[in-house]
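So the structure is just underneath, and the comments pick up after that.
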Amino acid sequence: MADQSDQLHIVRHSLAHIMATAVARLWPEAKFGVGPVVEYGFYYDVDLGEAQISEDDFKRIEAEMRKVIGSNVPFERSEKPIDEAIAWAVETSQPYKEELLNDLKRAGTTVAKDLNAAELGTIAEGATQVQTVSFYKDGEFTDLCRGPHVESTGKVGAFKLQRVSGAYWRGNDQNAQMQRIYGVAFATKDELNQHLQMLEEAKKRDHRKLGQELDLFVFSDMVGSGLPMFTPRGTVLRDELADFSNSLRQRYGFEKVWTPHITKKDLYEASGHWAKFGDELFLVKSQETSDELVMKPMNCPHHTRIYASQPRSYRDLPVRYLETTTDYRDEKTGELGGLSRVRALTQDDSHVFCRNDQIETEINNLLAAASELYATVDMKLRVRLSYRDDSDAYLGSAELWSTAQEQLKRAVIANELNYYEQAGEAAFYGPKIDFMVTDALGREHQVATVQLDFVQPERFGLEYTDQEGAKVQPVMIHCALLGSIERFLSVYIEHTAGRFPVWLAPEQIRIITLNQQDDVVAYAEKVLGAAKKLGLRAKVDNASESVGKKIRNAELLRVPYTIVIGQKEIDSEAVVPRIRKDMAVSENQAAISLDEFLKTVRNEAKSRVLKTSLQG
RNA sequence: GCCGACAUAGCUCAGUUGGCCAGAGCGGCUGUUUUGUAAACAGCGGGUCGUGGGUUCGAAUCCCUCUGUCGGCUCCA
């Protein structure tokens, strides 16, 4: 988040206040929650009781806001003792503010997380005594707020109300739902327009749109929500990515395993997943036995069964399993969306079972693999050290946790990774190193993850025999490089706008016939055969259409290389490849022998480069 | 799961106070054209207006149910 003193932050904060003023004018009975600054603007949570704000009301609210801005009245800051502030909240019928103030008085801080605390942040975190809180008034509307605000209402930049949605009071789904009105705001009109344009650009890259346009995946009402099916083109992407991810780990001694997609629920009772995620498991009923089965929501418990299938010596460790497989999770319907959140998700999952003294090396290997993968797909990353917080949502002793968290931090520092730490983001069985990548539009997503786990080895009673003949518990390291392939694709498709590098392109070469003459068609087929022989993915377009039309179709599918076959090509046994613009290194492309062209593309695919190596 | 919006042909969309056999472009098919690097021309198909119910003389249009999608909230092993 922007620095509190940052001018843009102050502007956005002031606009939230002005919006509240406007809402209070239009709906005098409005009850206000919190109104913080967010990434590109601000929002305010309001409760209008029976009334509902819809996007149709934005014009009125904006008009009212502009009146407040036009009047350019000064923001007046004042302070009140906490009890007076509570009295103010009661008097003005602002129950939400009253609740926050009472919490402040009682606990010195609000119980709710970050944003709410920031909103009321006159008090330092952890303080026990609250003396006073500050208010801002813009002539008519007084709001509890730390500020700062701009001098007067006229000194705000360009803004636009964007959307309204439901939001639980204090982020708790047990609480009442308020309406959250979002606005975007920038210092100047130009910057605002630029931002709106960026959003338009993002829409064009939306993976759901490109998934259809590029024929990558489909959904069907008959199959169900959150259950994507991948077309031949999309399946190429999945397989190539998974193969790459696997090969990076096989280099470090990982071996593929396979486990079934259904299992008795006993397995997850043992692991602890049943207690925590039981209501999100798909149940499977056997008509033959009394077994209670579930679709597997993850794979680590299965992998522990393979590990435990024979006695292990300290010499055998690390044992490293790799499995790219689909898991099933019955996510809440409202949480599904495109490929980013699905009910059948494919993980490039792996688990290391090792001794304590092997943890460091193993983690280093995995961090190296993740770094290589994200360098190859050209995405910038930083890592988040995801720690536990002091809630009771975690298994295992506090000592184990702090040891594990320290080990992860040391590994990240040793690998010179750009990192930050965050409490409350850990898995219930252990802390994580999460890889956060930034896409072409500057948005951050979590992808790869490396997790240290002392809990499941304990729960499953895993062991190995050490040099002295004693039974010792191994450590588990969970790792997925792509994370969920579906989620990775959702990010990656938008990052590349569907312009996949040669190694991933579902179709690498399109061969266009100039006409339907027998020798031209025959030669095109011959080129296709030669390409396939080299393991390349190519297609012939022999439609009775203009060359221009066929080129256009290849462009729309973002095919990296397009070649036109006519008499000239037959005679010269050479081609002039048309290279997708983002890959080209020169403007005009020279003719090249067919043989050399195909071999070059083959090498590019093998080396997973982003740019062409063909010169002009 | 919660709040809100939406659902018309394969795709993108028009049809917005209820009223002639529901339209367009692209794609598809057929024919003509034989094309040299981002859209040749003509014709023909194609929709129980997401589902089920209701209101009405009459429903794509109004109401309810379900399914699905989208924007958020909550959650994310």
Side-chain angles (χ1 to χ4, degrees), chain A residues 43 45 47 52-56 162-182 203 206 208-209 212-213 215 218-227 268 271-281 296-301 327 329-338 340-342 345 347 349 393 395 425-430 432 446 449 451 453 455-456 478 480 483-484 487 510 512-517 520-521 542-557 562-569 576-579 581 589:
Chain A
Y43 68 76
D45 285 350
D47 178 356
Q52 287 276 341
I53 288 177
S54 77
E55 295 194 7
D56 300 334
Q162 220 179 5
R163 66 176 73 95
V164 56
S165 65
Y168 296 109
W169 167 236
R170 307 186 84 169
N172 183 338
D173 62 5
Q174 300 304 306
N175 287 342
Q177 208 160 34
M178 307 181 73
Q179 286 194 285
R180 178 167 296 175
I181 310 171
Y182 286 89
K203 252 190 215 166
D206 189 309
R208 293 166 292 205
K209 185 171 149 70
Q212 184 186 70
E213 289 173 4
D215 187 24
V218 296
F219 288 90
S220 159
D221 282 7
M222 287 175 87
V223 174
S225 64
L227 299 170
Y268 296 109
S271 70
H273 290 91
W274 180 262
K276 187 149 174 79
F277 298 109
D279 56 347
E280 283 162 52
L281 299 191
K296 65 173 174 178
M298 32 107 66
N299 319 301
C300 28
D327 295 336
R329 300 177 182 177
D330 201 0
E331 307 280 6
K332 307 256 178 289
T333 52
E335 289 161 352
L336 301 171
S340 25
R341 195 78 177 269
V342 293
L345 60 134
Q347 298 203 69
D349 208 0
L395 299 181
E425 291 288 340
F428 74 85
Y429 49 71
K432 307 188 285 178
Q446 191 212 306
T449 180
Q451 310 171 356
D453 182 0
V455 170
Q456 291 193 65
H478 308 239
S484 139
R487 181 178 294 199
R510 176 152 295 196
I512 288 175
T513 55
L514 183 68
N515 54 43
Q516 274 69 55
Q517 284 159 21
V520 168
V521 175
N542 183 35
S544 171
E545 294 281 357
S546 66
V547 170
K549 177 68 163 289
K550 290 193 270 191
I551 292 282
R552 178 180 150 82
N553 288 339
E555 288 276 355
L556 289 174
L557 284 171
T562 304
I563 55 176
V564 176
I565 300 297
Q567 195 56 47
K568 218 161 55 185
E569 283 71 23
V576 183
R578 182 185 168 98
I579 303 171
K581 281 190 289 292
Q589 196 52 47

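Side chains included, hydrogens not; waters and symmetry mates left out as well; all remaining heavy atoms used. Reminder, nothing fancy here: chain letters follow the sequence lines and each chain counts from 1. In this text the structure is predicted, and so the values were computed from the model without any measurement.
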**OP:** Answer yes or no: side-chain N or O of A:Gln179 and base N or O of B:rC3 forming a donor-acceptor pair under 3.5 Å.
**Re:** no

Original post:
If you measure from the P atom in B:rG54 to the same atom in B:rG68, how many Å do you get, rounded?
Top reply: 24 Å

**OP:** Can you tell me, in whole Å, how much space there is between the C1' of B:rC66 and that of B:rC73?
**Re:** 24 Å

Original post:
What does A:Asp173 touch in the nucleic acid at a heavy-atom separation under 4.0 angstrom: a base, only the sugar-phosphate, or nothing?
Top reply: sugar-phosphate

Do any N or O atoms of the protein come closer than 3.5 Å to N or O atoms of nucleotides 10-12 of chain B, and which pairs are they?
residue : atom : partner  : partner atom : Å
B:rC11  : O3'  : A:Gln212 : OE1          : 3.1

**OP:** Any strand is fair game: report the nucleotide pairing with B:rA59 by Watson-Crick or G-U wobble, both distances under 3.5 Å, or none.
**Re:** none

**OP:** Remember a base hit wins even if backbone is also touched, and classify A:Thr333 as base, sugar-phosphate or nothing at under 4.0 Å, heavy atoms.
**Re:** base

Subject >> Exam field: side chain A:Glu569 to backbone A:Gly566, donor-acceptor pair closer than 3.5 Å >> reply: yes

Original post:
Looking across every strand, which nucleic acid part, if any, lies under 4.0 Å from A:Gly548 by heavy atom: base, sugar-phosphate, or nothing?
Top reply: sugar-phosphate

**OP:** Please state how far atom CE in A:Met222 lies from atom P in B:rC66, giving the value in whole angstrom units.
**Re:** 21 Å

Subject >> Test item: A:Gln516 side-chain N/O and A:Asn542 main-chain N/O as donor-acceptor pair under 3.5 Å >> reply: yes

**OP:** Considering only atom P, compute the distance from B:rC20 to B:rU67 and round it to an integer number of Å.
**Re:** 33 Å

Original post:
Could one point to a donor on the side chain of A:Arg163 or the base of B:rC70 with an acceptor on the other under 3.5 Å away?
Top reply: no

Original post:
Taking CD from A:Glu335 and C1' from B:rG71, how many angstroms apart are they, rounded to a whole number?
Top reply: 15 Å

**OP:** Between B:rU17 and B:rC44, how far apart are the C1' atoms? Round to whole Å, please.
**Re:** 38 Å

**OP:** Calculate the interatomic distance between A:Leu514 atom CG and B:rU35 atom C1'; express it in whole Å.
**Re:** 6 Å

Subject >> Atom pair distance, as rounded to whole Å: CD1 in A:Ile565 and P in B:rU35 >> reply: 16 Å

**OP:** Using the C1' atoms only, state how far B:rG19 lies from B:rG1, rounded to an integer number of Å.
**Re:** 42 Å

Original post:
When we call it a touch if two heavy atoms are under 4.0 Å apart, what does A:Gln589 touch: a base, just sugar-phosphate, or nothing?
Top reply: nothing

Original post:
With both distances kept under 3.5 Å, what pairs with B:rA77, Watson-Crick or G-U wobble?
Top reply: none

**OP:** Pick base, sugar-phosphate or nothing for A:Lys568, based on heavy-atom distances below 4.0 Å to the nucleic acid.
**Re:** base

**OP:** Quick one: label A:Lys581 by what it contacts on the DNA or RNA (base, sugar-phosphate, nothing), any heavy atom closer than 4.0 Å.
**Re:** base

Original post:
What nucleic acid atoms does A:Arg578 come within less than 4.0 Å of, heavy atoms only: base, sugar-phosphate, or nothing?
Top reply: base

Original post:
Which part of the nucleic acid, if any, lies within contact of A:Arg487, taking any heavy atom under 4.0 Å across all strands shown: a base, the sugar-phosphate backbone alone, or nothing?
Top reply: base

Original post:
Is the side chain of A:Lys432 donor-acceptor paired with the backbone N or O of A:Ala427 at a distance under 3.5 Å, no angle test?
Top reply: no

**OP:** Have a look at A:Glu425 and say if it touches a base, only the backbone sugar-phosphate, or nothing, with a 4.0 Å heavy-atom cut-off.
**Re:** nothing

**OP:** Measure the distance between the ring centre of A:Tyr429 and the centre of the six-membered base ring of B:rA77, then answer whether it is under 5.5 Å with planes under 30°.
**Re:** no

Original post:
Within the distance-only criterion (no hydrogens, no angle test), does the side chain of A:Asp330 pair as donor or acceptor with the backbone N or O of A:Glu280 below 3.5 angstrom?
Top reply: no

Subject >> base_contact_polar (B:rG1 base, A:Tyr168 side chain, donor-acceptor, <3.5 Å) >> reply: yes

**OP:** Give a yes or no on whether the backbone of A:Lys549 and the side-chain of A:Ser546 come within a donor-acceptor separation of less than 3.5 Å.
**Re:** yes

Original post:
What closest approach, in Å, do A:Gln456 and A:Cys300 show between heavy atoms, and which atom pair accounts for it?
Top reply: NE2-SG, 3.6 Å

Original post:
Can you tell me how far P in B:rG46 sits from the matching atom in B:rA40, rounded to whole Å?
Top reply: 27 Å

Original post:
In the structure shown, which nucleotide is the Watson-Crick or G-U wobble counterpart of B:rC11, with both distances under 3.5 Å?
Top reply: B:rG25

Original post:
What is the distance from CE of A:Met178 to C1' of B:rC3, rounded to the nearest Å?
Top reply: 13 Å

**OP:** Answer with base, sugar-phosphate or nothing: what part of the nucleic acid does A:Arg341 contact at a heavy-atom distance below 4.0 Å?
**Re:** base

Subject >> Residue pair A:Gln174 / A:Tyr168, side-chain donor-acceptor N/O under 3.5 Å >> reply: no

Original post:
Which nucleotide, in any strand shown, forms a Watson-Crick or G-U wobble pair with B:rC6, with both distances under 3.5 Å?
Top reply: B:rG68

**OP:** State plainly whether the residues A:Arg341 and A:Glu331 are in salt-bridge range, i.e. N to O under 4.0 Å.
**Re:** yes

Subject >> Residue met sooner reading RNA chain B from 5', once A:Gly224 and A:Met298 are mapped to nucleotides >> reply: A:Gly224

**OP:** Check whether any side-chain nitrogen or oxygen of A:Ser225 sits under 4.0 Å from OP1 or OP2 of B:rG68, and answer yes or no.
**Re:** yes

Are any protein N/O atoms closer than 3.5 Å to N/O atoms in nucleotides 27-32 of chain B? If there are, list each pair with its distance.
residue : atom : partner  : partner atom : Å
B:rG27  : OP1  : A:Lys549 : NZ           : 3.0

Subject >> Sugar-phosphate only, base, or nothing, as touched by A:Gly338 at under 4.0 Å among non-hydrogen atoms >> reply: sugar-phosphate

Original post:
According to a strict under-4.0 Å criterion, is A:Arg208 in side-chain N/O contact with OP1 or OP2 of B:rC70?
Top reply: yes

Subject >> Presence of donor-acceptor pair under 3.5 Å, side chain of A:Glu280 and base of B:rA77 >> reply: yes

**OP:** Could you please name the partner base of B:rU33, counting Watson-Crick and G-U wobble pairs only when both distances are under 3.5 Å?
**Re:** none

Subject >> A:Phe428 and A:Phe277 aromatic ring geometry - parallel, tilted or perpendicular at 30°/60° bounds >> reply: tilted

Subject >> Of A:Gln516 and A:Phe277, the one whose closest RNA chain B nucleotide lies more 5' >> reply: A:Gln516

Original post:
Do A:His478 and A:Asp453 have side-chain N/O donor and acceptor atoms under 3.5 Å apart?
Top reply: yes

Subject >> B:rC75 versus B:rU65 - spacing of their C1' atoms, nearest Å >> reply: 27 Å

**OP:** Establish, with yes or no, whether the OP1 or OP2 oxygen of B:rU35 is under 4.0 angstrom from a side-chain nitrogen or oxygen of A:Ser546.
**Re:** no

Original post:
Has the side chain of A:Arg329 got a donor or acceptor atom sitting under 3.5 Å from an opposite partner on the base of B:rC76?
Top reply: no

Original post:
Sub-3.5 Å donor-acceptor pair from the side chain of A:Tyr268 to the main-chain atoms of A:Leu281, do we have one?
Top reply: no

Original post:
Under 4.0 angstrom, heavy atoms only, what part of the nucleic acid is A:Val547 near: base, sugar-phosphate, or nothing?
Top reply: sugar-phosphate

Subject >> Nearest-neighbour nucleotide for the A:Ala427 side chain, B:rU37, B:rG72, B:rA77 considered >> reply: B:rA77

Original post:
What about A:Gln177: does its side chain form a donor-acceptor pair under 3.5 Å with the base of B:rG4?
Top reply: no

Subject >> A:Trp169 CH2 - B:rC2 C1' separation (whole Å) >> reply: 17 Å

Original post:
Nearest-Å distance, CG (A:Leu336) to P (B:rC70)?
Top reply: 9 Å

**OP:** Return the value, rounded to whole Å, for the distance between atom CG of A:Asn553 and atom C1' of B:rC26.
**Re:** 11 Å

**OP:** Could you walk me through whether A:Val342 and A:Leu227 pass side chain to side chain contact (heavy atoms under 4.5 Å, CB included), step by step?
**Re:** CA-CA 6 Å; A:Val342 293; A:Leu227 299 170; over 6 Å; no

**OP:** Identify the two heavy atoms, one from A:Ala554 and one from A:Arg510, that lie closest to each other, and give their separation to 0.1 Å.
**Re:** CB-CD, 3.7 Å

Subject >> Where A:Asp349 and A:Asn299 come nearest, the two heavy atoms and their spacing >> reply: OD2-ND2, 2.8 Å

